[in-house]
Number of protein chains: 2
Amino acid sequence: MWTIGEVTELTGIAAPTLRYYEKEGLLPHVKRNENGKRLYDEEDLSWIHFVTALRATGMPIAQIQKYVNLYKEGDSTISERKRMMLLHKKEIENSIRELYFNLDKINYKLALYDVLESQLEKTSIKI
Amino acid sequence: MWTIGEVTELTGIAAPTLRYYEKEGLLPHVKRNENGKRLYDEEDLSWIHFVTALRATGMPIAQIQKYVNLYKEGDSTISERKRMMLLHKKEIENSIRELYFNLDKINYKLALYDVLESQLEKTSIKI
DNA sequence: AAATCATTTAAAGTAAACTTTAAGGGAAAG
DNA sequence: CTTTCCCTTAAAGTTTACTTTAAATGATTT
C-alpha cells in the first residue's frame, strides 16, 4: 500500500491530479487509513495507469467517468465497456492516420528547405 | 480571390478562427478590398493549410507565430525555420510512438474483454 | 514542546485555443 | 426604401484539464 506521495513518485502524476481524478470518479475504491489519508493498492495503481493511457490517447475526462460508472455497475455492462474501448481504439487509429498525413506535409516542407538551401549554396559559390 | 465566407466553405475553418489566426500573426499578407473586407489568394490558402497541419500536429499558436515571424525576416532565417520543422517532425514521431504504446494497452484491455465474454458465455450455457 | 512535514478539503486561479456577443457598416434583393 | 446578408471590430465568454492557494490536521523529528 502506498501513500499519495509515493504514488506521485511511482507514476509521475502530481498529487493534486490524483485527488482531482478521484473526485471526478475516475479512480474507484481508493481506500483511506485511520486518519483519513489515501492509501493506494495494486489495483488502484493499475487504474491510474489505465486512466493515464486513456488520457494520453485523448479520451476526455467525461468519457472516462462514463466508463468507470459502467465498471461500477458490474458484469452486465461488459459489452458496453468493450464497445467503448473498440470505438476509442478506432479514434486512436484515426489520430495516428491524421498525424502521418500531416507529417507528410511537414516532410514536404523540409524537402523544399533542402532545395532552397542547395540553391542558396550555389548562389554563394557563384559570387 | 476568395472572401472569408468562401474560405470557410473551402477549408471548413470558421471565420472567427481565420480572423483570430490573422490577428495572432499566423497568416501573413492577407489583403483587403476597397471596403476593408478580407480577400484570400492562393498563397493565403496555402498558408492556411500549412498552419492547419501544424495545429493538427500539436504545434502551439505561439510557436507558429515564431515561425511566421522568421519567415517574414526572409531567406536569412531559412536554416532556423528548417531546424524548427525538423524538431517538430521529431515531436510528431514521438506522439505517434506514444499513441501506439497506449493503443497496445487498449488492445490488451480488449483482449481481456474477449476472454471475459467467452467465460460468461460458458457460464450461461452451464445454467 | 516546538518545528517540520505530508496530508486533507474546498475554492479559486490558470492556460490555450478558440467562440460568442455586441454594435456597426455597406451592398444586394425584394 | 427597407430588409437581409455578409462583413467588420473589440471584448467578453467558454471549455477542458488541471494547478494553486488557503486553512487545517495529524504524525514525526529536533
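Reminder, nothing fancy here: chain letters follow the sequence lines and each chain counts from 1.
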> Hey, what do you get for CG (A/L70) to NZ (A/K82), rounding to the nearest 0.5 Å?
Replying inline: 15.0 Å

>> Can you list, in residue-number order, the parts of residues 12-40 of chain B that come under 4.0 Å of DNA chain C, counting heavy atoms only?
In response: B/P16, B/T17, B/Y20, B/Y21, B/N35, B/K37

> For the atom pair CD (B/E43) and NE2 (B/H29), what is the distance rounded to the nearest 0.5 Å?
Replying inline: 4.0 Å

> Looking at B/F50, does the NZ or CZ of A/K109 lie under 6.0 angstrom from its six-membered ring centre and within 45 degrees of the ring axis?
Replying inline: yes

>> Can you confirm whether A/L116 sits close enough to A/L112 that some side-chain heavy atom of one is under 4.5 Å from a side-chain heavy atom of the other?
In response: no

> Should the pair B/E98-A/R55 be classified as a salt bridge under the 4.0 Å nitrogen-to-oxygen rule?
Replying inline: no

> CG of B/L103 to CD1 of A/I92: how many Å apart, nearest 0.5 Å?
Replying inline: 5.0 Å

>> Quick check on contacts: within residues 58-71 of chain A, what sits under 4.0 Å from DNA chain D by heavy-atom distance?
In response: A/P60, A/I61

>> Quick check for you: name the first and last nucleotides of DNA chain D, 5' to 3', having an atom under 4.0 Å from a heavy atom of chain B.
In response: D/dC6 to D/dT9

> Would you say the side chain of B/K37 lies within less than 4.5 Å of the side chain of B/T3, judging by non-hydrogen atoms?
Replying inline: no

>> Regarding B/H49 and B/T11, do their side chains bring together a donor and an acceptor under 3.5 Å, going by distance alone?
In response: no

>> I want to check something: taking the side chain as every heavy atom from C-beta on, are A/E80 and A/R83 in contact at a cut-off of under 4.5 Å?
In response: yes

>> Does any part of the side chain of B/L45, heavy atoms only, come nearer than 4.5 Å to the side chain of B/W2, both counted from C-beta?
In response: yes

